[in-house]
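Keep in mind it's a predicted model, so treat the numbers as computed, not measured. Numbers restart at 1 for each chain; the letters A, B, ... are given by sequence-line order, proteins then strands.
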Number of protein chains: 2
Amino acid sequence: MEYAGRGDPVRTLALLWDGLPPPKRGPRHRLHLSQIVDAAIAEADMAGQAALSMRALAQRLGIATATLYTYVPSKAELLELMVERVAEGQPLPPPETGWRRGLRDLAESDLVAYRSHPWLLQVATARTVFGPHVLARYEAALALLDDAGLPARDVTAFVAAVDSYTRGAAAAVVEAEQAPGQTGTTDDEWWESLAPLLEERMGGRFPRIAALETAGAFVVSDSTLPYTLRRALDRFEIGLDLVLDGIGARVDG
Amino acid sequence: MEYAGRGDPVRTLALLWDGLPPPKRGPRHRLHLSQIVDAAIAEADMAGQAALSMRALAQRLGIATATLYTYVPSKAELLELMVERVAEGQPLPPPETGWRRGLRDLAESDLVAYRSHPWLLQVATARTVFGPHVLARYEAALALLDDAGLPARDVTAFVAAVDSYTRGAAAAVVEAEQAPGQTGTTDDEWWESLAPLLEERMGGRFPRIAALETAGAFVVSDSTLPYTLRRALDRFEIGLDLVLDGIGARVDG
DNA sequence: CAAAACACTGTACACTGTTCGGACTATTTT
DNA sequence: AAAATAGTCCGAACAGTGTACAGTGTTTTG
C-alpha cells in the first residue's frame, strides 16, 4: 500500500472539511482545489497501473509541477482528497433498505468505484483521515444493522468484514480486467502458451487442478467479456453471498 | 498492484520449476538463484512500505546492480520467484483435516505470510505464473472440499472467497501494524490530536459513529498490542467465521 | 507608498528500474 | 595450441519519480 495519513493529519482534516483557505495577502489561487482533485482523479484513472505522477497532473492543469505544492502539502494528502471526492459520487442505499440489500448495495457500489478508480486499491485505510462523505458512508452501513440487536463490536466487525471481502475480491476483478492491457496478451493467448508447459511440469501430482484445467475452467471465452474477468465477477457475487449469509445467521436466527 | 506476469511468462515458468540453467560457456554464476531470492525477500521485508530496490538488493549481495539482470530478467520475475519461495515455507493442513478447520488453517497461515511479507499484498495474482508450492497450496484447498458434493464452480468460488477475504482483511491488519512506524505516531497520539477536531466538524450528523467514539471504540489501548492492530486481528477472525459459516450452510445443510 | 505575504516557477537532489558497451573468463571449435 | 564464442560481471547513463529551495512577481495591509 502506499500513502496513508502521511503528512500533517490536522492539515488534511481541514482541507477535507473546510477546503483551502484563500490567501490573506498576495495573489489569489488561479485554480480551485476541486479542479486539482478532479484532474488528479482523471489522470490517475488514465495512468492505470502506473501511479499518478505529479508532473503529469501539473501538465494537465497547465501549471508548473511545484505549484501543486501550494495547494496540497504532498501527494499523500492529495490522495486522501481524491478518496473523499470519489465517496461523494457514490450512491447510498435509500433509507428503510433492509440490512442485506443495503450491505449488498454498498459492496456493489464499492466494486464499481474500485473498477473505475483502480488506484483506490493502493490507498491504505488504517490512518485515513475521514472526510464527510466517507463518514456518511460508514454511518449508513452502521444504520443498516440498527435493528439487528447486535452489540457494537459485532456491528462494526460485520461491516468491516464486508469491506475487507469487497476490497480483496475487487482487487481480483481489477487485476483480471487490467491484465490484458498491461501485458499485451489476451487471456486465451496466455493460457494457450502456458498450459501445455505447465501441464508437463505438473505431472500427475495435482489431480484436482488438472481436472479443472481439462474441464476448461481456465480457458475458453464464449462471451463478450474475457473469461477471467467474467469469472472474477461471478466469484465476487458468490463470495459476497457467503459473507451476507454468515451475517444473516447472526441477525435473523 | 504492481508487477504481475510481466515479462516472458515462459521464461518465468522455467525459472520457477527448473531453476537457472548453468551457462554452457564462460564463467559460472557466483551466486545461486535461491540466494538472490532469499536476499530479495529479506530486503523487501526490511524495506516495509517502500518497495524492494534492485540497488539495495545488489548491495546486500555484494554484486553490482546490473549483475542481477543476468540472473533474473526483471524485477517482476523476481517477485514471482519470491512468492513461490514464501509458499514453500507455509504449512499445509495435514491430510484428513476437516474442510472448515483446513480452510481456516490456510487463511491463518496466509495472514502470517502477509504480516511477515507485506509486499505480498502488492503482487497482483491475475497473471501469476504458478510454481510448484503455490500450486500445491491450491490443490490442498480444493481437496478439503472433495467430500462436500459441490459442483466445481462452487468449490473454486468458495476457495477464492476465502482468499479474497483473507487478502482484504490481511491488508487491514498490515496497515494497522505498519501505521505507527510509517507515520511516527502511535494510535493514541493520532486520535488524541484528531478526535476533538473531527467531532467538531461532525456536528450531530453522524450519531452512530459519534456513539462509537464516545464508547471508546476508537482509542484506548489497554493491552501490549496497539489498539487498532488488536481490533484488526479481532475482526479478521470474526469475518473469517462469517465466510466459513456461509460455506457451511451450503456444505452440511 | 513601503512592507509583508503569498502564488508561482526553474532547477536541483536523491531516488527508481533497466540498458548498453566494454572487460574478463571459461568453454568449444578449429 | 590457437582462435572464436558465449556469457558473467560491471560502470555509466537514461528517463522517470516526489519534493525542497531560492527567486520572481503580484496583491493586500499598514
Side-chain angles (χ1 to χ4, degrees), chain A residues 1-4 6-8 11 15 19-33 35-36 40 43-44 46-82 119 122-123 182, chain B residues 1-4 6-8 11 15 19-33 35-36 40 43-44 46-82 119 122-123 182:
Chain A
M1 307 293 132
E2 55 173 345
Y3 303 112
R6 212 71 53 83
D8 185 6
R11 173 82 192 272
L15 281 176
L20 190 65
K24 302 201 185 308
R25 226 176 287 193
R28 280 180 228 129
H29 280 116
R30 283 218 278 259
L31 270 46
H32 269 260
L33 185 57
Q35 288 179 269
I36 294 190
E43 187 66 35
M46 287 201 65
Q49 195 82 323
L52 169 68
S53 149
M54 298 297 268
R55 280 176 176 80
L57 172 58
Q59 189 163 16
R60 171 184 284 258
L61 287 163
I63 59 177
T65 309
T67 307
L68 285 173
Y69 290 85
T70 64
Y71 292 84
V72 164
S74 80
K75 190 175 165 185
E77 267 89 353
L78 177 55
L79 271 169
E80 308 220 49
L81 296 177
M82 291 161 68
W119 45 269
Q122 307 288 355
V123 181
Q182 303 280 323
Chain B
M1 307 292 130
E2 54 172 350
Y3 303 115
R6 212 69 54 80
D8 185 6
R11 172 83 193 274
L15 280 177
L20 189 66
K24 301 201 186 308
R25 224 175 288 196
R28 280 181 226 129
H29 280 117
R30 283 219 277 258
L31 269 47
H32 269 260
L33 186 56
Q35 290 179 267
I36 293 190
E43 187 65 33
M46 286 201 65
Q49 195 82 323
L52 169 68
S53 149
M54 299 296 269
R55 280 176 176 81
L57 172 58
Q59 189 164 15
R60 170 184 286 257
L61 287 163
I63 60 176
T65 309
T67 307
L68 284 172
Y69 289 85
T70 64
Y71 291 84
V72 164
S74 79
K75 190 176 164 183
E77 267 90 352
L78 177 55
L79 270 169
E80 308 220 47
L81 296 176
M82 291 161 68
W119 45 268
Q122 306 289 355
V123 181
Q182 302 280 326

How long is the line joining [atom1] of [X] and [atom2] of [N], in whole Å?
{"X": "Tyr69(B)", "N": "dA12(D)", "atom1": "OH", "atom2": "P", "answer": "18 Å"}
{"X": "Leu20(B)", "N": "dT8(D)", "atom1": "CG", "atom2": "P", "answer": "8 Å"}
{"X": "Glu43(A)", "N": "dT17(D)", "atom1": "CD", "atom2": "P", "answer": "10 Å"}
{"X": "Gln59(A)", "N": "dT17(D)", "atom1": "CD", "atom2": "P", "answer": "10 Å"}
{"X": "Arg28(A)", "N": "dG25(D)", "atom1": "CZ", "atom2": "C1'", "answer": "16 Å"}
{"X": "Leu31(B)", "N": "dC9(D)", "atom1": "CG", "atom2": "P", "answer": "7 Å"}
{"X": "Lys75(B)", "N": "dC15(C)", "atom1": "NZ", "atom2": "C1'", "answer": "12 Å"}

**OP:** Using the closest heavy atom to pick a nucleotide of DNA chain D for each, name whichever of Leu52(A) or Lys24(B) lands nearer the 5' end.
**Re:** Lys24(B)
Subject >> Residue whose closest nucleotide on DNA chain D lies nearer the 5' end, Pro23(B) versus Thr67(B) >> reply: Pro23(B)
Closest to side chain of [X], choosing from [options]:
{"X": "His29(A)", "options": "dG18(D), dC8(C), dT9(C)", "answer": "dC8(C)"}
{"X": "Pro27(A)", "options": "dG25(D), dT9(C), dG18(D)", "answer": "dG25(D)"}
{"X": "Ile63(B)", "options": "dT19(D), dT18(C), dC10(D)", "answer": "dC10(D)"}
{"X": "Arg25(A)", "options": "dA6(D), dC10(D), dT27(D)", "answer": "dT27(D)"}

Is the shortest side-chain heavy-atom distance between [X] and [Y] below 4.5 Å?
{"X": "Leu78(A)", "Y": "Met54(A)", "answer": "yes"}
{"X": "Gln35(A)", "Y": "His29(A)", "answer": "no"}
{"X": "Val72(A)", "Y": "Leu20(A)", "answer": "no"}
{"X": "Pro23(B)", "Y": "Thr70(B)", "answer": "no"}
{"X": "Leu31(A)", "Y": "Tyr71(A)", "answer": "yes"}

**OP:** Confirm from the modelled atom types if Arg55(A) and dG16(D) form a donor-acceptor pair under 3.5 Å, side chain to base only.
**Re:** no
Is the shortest side-chain N/O distance from [X] to OP1 or OP2 of [N] below 4.0 Å?
{"X": "Thr70(B)", "N": "dG7(D)", "answer": "no"}
{"X": "Arg30(A)", "N": "dG25(D)", "answer": "no"}
{"X": "Thr65(B)", "N": "dG11(D)", "answer": "no"}

Original post:
NA contact type, Tyr71(A), heavy-atom cut-off 4.0 Å: base, sugar-phosphate, or nothing?
Top reply: sugar-phosphate
Subject >> Which residue lies more 5' along DNA chain C, comparing Ala66(A) with Met54(B) via nearest heavy atoms >> reply: Ala66(A)
